[in-house]
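Note: hydrogens, waters and symmetry copies are ignored here, and every other heavy atom, side chains too, is used. Source: prediction; values computed, not measured.
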Amino acid sequence: MDWRDIPSLASLRAFEVTARHGTFSAAARELNVTHAAVAQHVRALEDFFSTELMYRAGRGMRLTDAGLRLSGALADGFGEIAEGVRQLKQSASGRPVRVSVTPAFGEKWLMPRLGDFWEKYPDIEVEIKPATRLMDLRHDDIDLAVRYGRGDWPGVEARPLAAARNIVVGSAKLLGKDRPTTAAAMMRYRWVVERYMHEAEFVAETLGFSFDEVEAHLVDTNALAVSAIRSGLGLGFQSAALISRELESGELVALTEPVQDNLGYYLVTLKGRETEQMRKFMRWVLRSAG
């Protein structure tokens, strides 16, 4: 299709609505523009075709033969577009809401709470997509994601979900009566960290050291990291929101909570791409986060 062979879509739309209603005034009300704007669009269309498309008859407008042909073609064309849009919206509203989370967030925070969402919204299917890599909402067909950072990612809408509260923890088995809280004291211990936990790098910096300066073992999932820390294999960084049960039971001991200005978990969506199902899920998540 060569768009240079097609007149202004605004003019075609104004003509189709005028042909349907029979007056510029009625067309102007439907399009929410002025009477003069509709008339100007129709005149521009007649200039494009170098032929008269409609003429005044009493208080209304009557179509010429050329106008009748164009009106029929536009009614069919715009009708197909409207049906395509309707079907696509219906398809989008019926498909699951796809949510990208880290395995740790999905396992420790989201899944224990998801039953409440199922009870409140039994007709909305949710697909949880755990991933260690940062998912691209546009290209990975993801509706929304939970990301860690400062919420300043370009091209997306980021809503605060939970403060970071990443803390240094260890097991009572490992620590005994020792409660190291300074960087120098904690650097004497072995560390166990999830390989893809970007939060750990931020928190280590706030404490004043890097993992290059300590004995650090990387594991592939946060569940493995928590298991190793519980077993006394080393210290680690963990989100307080994700290990609340271990802290309450005493399995893990909180040592220090570094100041993490503007860092936290955010609910992220593409701008202008929210469906009603997505909005319901987001409202539920935000309420659950308190």
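For the pair W191/M186, a side-chain contact is recorded, criterion being any heavy-atom separation below 4.5 Å from C-beta on. The closest side-chain heavy-atom distance from T102 to N222 is not below 4.5 Å. Residues Y189 and D178 are in side-chain contact: their nearest non-hydrogen atoms beyond the backbone lie under 4.5 Å apart. Residues L12 and I6 are in side-chain contact: their nearest non-hydrogen atoms beyond the backbone lie under 4.5 Å apart. Residues V169 and V226 have side chains not in contact (no heavy-atom distance under 4.5 Å, counting atoms from C-beta outward). Between V268 and V146 the shortest side-chain heavy-atom distance does not fall below 4.5 Å. In this structure, V168 and L207 have side chains that are in contact, with non-hydrogen atoms separated by less than 4.5 Å. Contact annotation: the side chain of I124 never approaches that of F281 to less than 4.5 Å [non-hydrogen atoms, C-beta and beyond].
When every heavy atom of A158 is checked against every heavy atom of G151, the shortest pair comes out as CB-O, 3.8 Å. What you find for S210 and E213 is that their closest heavy atoms are N-OE1, 2.8 Å. Among all heavy-atom pairs drawn from G170 and I229, the shortest one is CA-CG2, 4.0 Å. A289 approaches L161 most closely through the heavy-atom pair CB-O, 3.2 Å. Across all their heavy atoms, E107 and M111 have their closest contact at O-CB, 4.2 Å. Between G67 and F15, the shortest heavy-atom contact is O-CZ, 3.5 Å.
Here the side chain of T64 pairs a donor or acceptor atom with the backbone of L53 at under 3.5 angstrom. Panel note: side chain E80, backbone G77; no donor-acceptor pair is recorded below 3.5 Å. A side-chain donor-acceptor contact under 3.5 Å links S288 to the backbone of W284. One N or O on the side chain of S8 and one on the backbone of A10 form a donor-acceptor pair closer than 3.5 Å. Side chain of R179 to backbone of G176: a donor-acceptor contact under 3.5 angstrom is found. Between the side chain of D143 and the backbone N or O of R98, at least one donor-acceptor pair lies under 3.5 Å.
Separation of the W109 and Y265 ring centroids does not fall under the 6.0 Å cut-off.
E276 and R279 are joined by a salt bridge, as a carboxylate oxygen and a charged side-chain nitrogen come within less than 4.0 angstrom of each other. Contact check on R43 versus E46 returns a salt bridge, with a Lys/Arg side-chain nitrogen under 4.0 Å from an Asp/Glu carboxylate oxygen. Using a 4.0 Å cut-off between a side-chain N of Lys or Arg and a carboxylate O of Asp or Glu, E52 and R62 do not qualify as a salt bridge.
Defined by atom type and a distance below 3.5 Å, a donor-acceptor pair is present between the side-chain atoms of T269 and E274. With 3.5 Å as the limit, one finds no donor-acceptor pair spanning the side chains of Q277 and D123.
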Subject >> Verdict with supporting geometry, L224 and V192, side chain to side chain contact (heavy atoms under 4.5 Å, CB included) >> reply: CA-CA 9 Å; L224 291 175; V192 183; over 6 Å; no
Subject >> side chain to side chain contact (heavy atoms under 4.5 Å, CB included) evaluation trace for Q238 with E246 >> reply: CA-CA 11 Å; Q238 289 294 320; E246 287 85 351; over 6 Å; no
Subject >> Verdict with reasoning, V156 to L270, per side chain to side chain contact (heavy atoms under 4.5 Å, CB included) >> reply: CA-CA 5 Å; V156 298; L270 287 173; 4.2 Å; yes
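To the nearest 0.5 angstrom, L175 atom CG is 6.0 Å from L235 atom CG. With values rounded to the nearest 0.5 angstrom, E16 atom CD is found 14.0 Å from H41 atom NE2. To the nearest 0.5 Å, atoms CG (L252) and CG (L247) are separated by 6.0 Å. Of the inter-residue distances, the one linking M54 atom CE with L68 atom CG reads 9.5 Å to the nearest 0.5 angstrom. For the atom pair CZ of R230 and CG of L174, the computed distance is 14.5 Å after rounding to the nearest 0.5 Å. Atom CD of Q40 and atom CG of D47 lie 10.5 Å apart (nearest 0.5 Å).
Under the 4.5 Å side-chain heavy-atom criterion for Ile, Leu, Val, Met, Phe, Trp and Tyr, L70 and Y55 are members of distinct hydrophobic clusters.
With sequence neighbours left out, F24 forms a ring-ring contact (aromatic ring centres under 6.0 Å, His included) with H35.
Other residues, nucleotides and ligands place no more than 12 heavy atoms under 6.0 Å from the CZ atom of R245. Atom CZ of R287 has more than 12 heavy atoms from other residues, nucleotides or ligands within 6.0 Å. Few gaps surround CG on D152; more than 12 heavy atoms of other groups in view lie less than 6.0 Å from it.
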